[in-house]
Amino acid sequence: MGFTFINKLPTPAEIREQFPLDQKLAQIKQQRDEDVKKVFTGESDKFIVIIGPCSADNEESVCDYTGRLVKVQEKTKDKLIIIPRVYTNKPRTTGEGYMGMVHQPDPEKKPDMFEGILAIRHMHMRVLRETGLATADEMLYPDNLNYLSDMMAYVAVGARSVENQYHRLVASGCDVPVGMKNPTSGDLTVMLNSVVAAQLPHDFIFRGNEVQCPGNPLTHTILRGAVNKRGQCIPNYHYEDLKLLFDLYAKRDLKNPACIVDTNHSNSNKQYKEQIRISKEVLHSRRHSSDIKKLVKGLMIESYIEPGSQKIGQHCYGQSITDPCLGWEDSERLLYEIADNLD
């Protein structure tokens with residue numbers, strides 16, 4: 001085989017032993033988990049906003065950004081649950097470009113997986129310690145999940161991974177909500193099949209061990225838009241799309257039917273300022289239909305300190321090096337507007 005084995009990396013258990021989560025932080029995370037869970041089970045009518053950079057590439061600017069969320073969370077705590085996006089794994093359509101901090105703790109240097117594992121755990125833990133907000137990340141590599149799972153309140157499975165059986169099986173063992181995005185084709189049946197699979201119990205091989213997973217009743221859908229055969233973006237956040245998803249859920253015996261709307265990616269055609277309008281349209285649809293209000297539990301928004309994006313090496317503090325994001329001023333204003341427009 002054409003593999004060159006470079007280093008044997010530490011297991012998640014070894015990393016957790018070396019950098020443990022102290023009891024106080026574990027209790028904070030447990031309470032956040034309970035608050036988020038109640039939204040998905042319908043026990044709470046709070047609205048979830050998963051918000052933050054497209055990619056968490058720099059610890060200082062990420063922690064600066066998440067620190068700004070604390071004031072907004074405090075002022076909106078009766079209506080919103082804010083979950084910081086701290087995305088350290090980045091899927092690349094062609095396999096080129098920045099792969100995320102787990103690969104490249106310094107985007108301008110060659111990959112160093114050992115340093116990357118330490119860096120992502122340190123950053124997620126620092127966010128939790130400094131803000132009291134448990135984080136969200138993408139499960140791009142299921143084997144890496146347990147490096148961070150004791151700090152995350154939310155896990156996303158991306159459009160390119162949602163059809164993968166391994167991702168579905170590992171999601172069945174998660175004890176926090178896992179959002180399954182629709183594939184880039186836009187096929188809602190594929191997305192719902194992934195929810196079915198993740199809600200069922202499974203026996204399988206995980207990190208060289210035979211494991212049993214009980215099934216995750218908090219697995220749900222994420223609408224992120226689609227791309228047609230001509231490469232054109234097709235949004236799926238409109239009222240008709242949300243009503244269709246509600247009807248498709250009704251035909252299946254699934255626990256806790258729920259949807260998060262991703263306001264960027266193919267829903268915005270990566271026009272990042274459109275996220276403001278899209279968020280407001282989704283809220284309007286929830287006010288118009290009790291079914292949609294019951295189904296749509298939150299939004300996913302790409303946001304950072306500075307608006308737009310930059311190339312690696314330009315060194316604009318707090319600006320995305322992957323997809324363009326809303327800047328902080330627009331993001332702060334939008335969060336307050338979301339809270340004010342939930343009723």
Side-chain angles (χ1 to χ4, degrees), residues 35-36 38-52 69 72-73 75-83 85 136 154 156 159 177 179-182 186 188 191-192 220-227 232-250 256-303 307 323-343:
D35 293 342
V36 173
K38 287 180 179 178
V39 175
F40 284 96
T41 60
E43 299 169 71
S44 168
D45 61 0
K46 291 183 180 180
F47 194 69
I48 291 171
V49 182
I50 304 155
I51 185 168
L69 292 174
V72 183
Q73 176 65 102
K75 289 185 177 181
T76 61
K77 63 184 179 181
D78 293 337
K79 293 186 176 183
L80 300 183
I81 296 177
I82 296 174
I83 303 176
R85 277 178 59 111
Y154 188 90
M180 299 291 200
K181 290 195 174 185
N182 63 261
L188 301 186
M191 176 178 64
L192 286 165
H220 58 279
T221 57
I222 302 176
L223 294 177
R224 51 86 72 199
V227 180
Q232 298 167 316
C233 289
I234 309 297
N236 59 10
Y237 61 85
H238 296 304
Y239 177 89
E240 294 78 9
D241 300 300
L242 300 175
K243 186 64 170 64
L244 172 60
L245 180 57
F246 178 86
D247 293 340
L248 290 173
Y249 256 120
N256 306 313
C259 171
I260 299 289
V261 176
D262 181 346
T263 62
N264 213 12
H265 297 102
S266 292
N267 269 332
S268 69
N269 196 19
K270 296 189 179 180
Q271 302 300 306
Y272 67 94
K273 286 193 174 182
E274 287 294 288
Q275 293 183 100
I276 299 170
R277 180 189 60 78
I278 292 167
S279 297
K280 293 177 180 179
E281 181 174 329
V282 172
L283 294 179
H284 176 77
S285 295
R286 289 180 86 247
R287 292 193 300 272
H288 184 74
S289 167
S290 60
D291 290 341
I292 291 176
K293 182 177 181 179
K294 183 178 179 182
L295 176 70
V296 178
K297 304 294 187 180
L299 297 169
M300 187 174 285
I301 299 169
E302 291 195 324
S303 155
D323 289 348
C325 299
L326 282 179
W328 174 249
E329 290 183 5
D330 283 335
S331 301
E332 182 181 32
R333 187 181 309 112
L334 177 59
L335 286 167
Y336 287 128
E337 289 177 348
I338 290 171
D340 289 340
N341 284 280
L342 288 174
D343 298 329

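Keep in mind that the numbers below use all heavy atoms, side chains included, and drop hydrogens, waters and symmetry copies. Numbering starts at 1 and runs along the sequence shown.
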Starting at OH of Y237, measure out to CD1 of I278 and round the result to the nearest 0.5 Å. 4.5 Å
Using a 3.5 Å distance criterion without hydrogens, assess whether the side chain of S303 forms a donor-acceptor pair with backbone atoms of C325. no
So how far is it from E302 CD to Q275 CD, rounded to the nearest 0.5 Å? 6.0 Å
Between E332 (side chain) and V72 (backbone), is there a donor-acceptor pair under 3.5 Å? no
Are there more than 12 heavy atoms of other residues, nucleotides or ligands under 6.0 Å from atom CD of E43? yes
side-chain hydrogen bond (donor to acceptor under 3.5 Å, both in side chains) partner of N182, chosen from N236, T221, D262: N236
Give me the atom names and distance for the closest heavy-atom approach of R224 to A159. NE-CB, 3.7 Å
List the steps and the verdict of side-chain contact (heavy atoms from CB on, under 4.5 Å) for L334 and S279. CA-CA 8 Å; L334 177 59; S279 297; 3.9 Å; yes
Using modelled atom types and a 3.5 Å cut-off, is there a donor and acceptor pairing between side-chain atoms of K270 and backbone atoms of N267? no
So CZ of F246 and CD1 of I292: to nearest 0.5 Å the spacing works out to 9.0 Å
Begin from the C-alpha positions of K280 and H284 and carry the test side-chain contact (heavy atoms from CB on, under 4.5 Å) through to its verdict. CA-CA 6 Å; K280 293 177 180 179; H284 176 77; over 6 Å; no
May I ask you to test the K46-L342 pair for a side-chain heavy-atom distance under 4.5 Å? no
Full working for side-chain contact (heavy atoms from CB on, under 4.5 Å) between K181 and H265: CA-CA 11 Å; K181 290 195 174 185; H265 297 102; 3.8 Å; yes
Taking all non-hydrogen atoms of both residues into account, name the closest pair between R85 and I301 and its distance. CD-O, 3.6 Å
Quick check for you: to the nearest 0.5 Å, what is the distance between I338 atom CD1 and I48 atom CD1? 12.5 Å
Quick check for you: to the nearest 0.5 Å, what is the distance between L283 atom CG and F47 atom CZ? 5.0 Å
Minimum-distance pair of heavy atoms, taken over all atoms of L299 and V282: CD2-CG1, 4.0 Å
4.5 Å side-chain heavy-atom contact, T76 and Y336: yes
Whether K38 side chain and S44 backbone form a donor-acceptor pair below 3.5 Å: no
Considering all heavy atoms, the nearest M191-L223 contact: CE-CD2, 3.8 Å
Polar contact flag, side-chain donor to acceptor under 3.5 angstrom, E274-S268: no
Could you pull out the closest heavy-atom pair between Y154 and G179, with the gap in Å? OH-CA, 3.5 Å
Here the gap from Q73 atom CD to I82 atom CD1, rounded to the nearest 0.5 Å, amounts to 4.5 Å
Contact summary for D330 and K273, nearest pair of heavy atoms: OD2-CE, 4.4 Å
Report the C-alpha distance between Y249 and H220 in whole Å, list the side-chain angles of each, state the deciding distance to 0.1 Å, and finish with yes or no for ring-ring contact (aromatic ring centres under 6.0 Å, His included). CA-CA 10 Å; Y249 256 120; H220 58 279; 9.3 Å; no
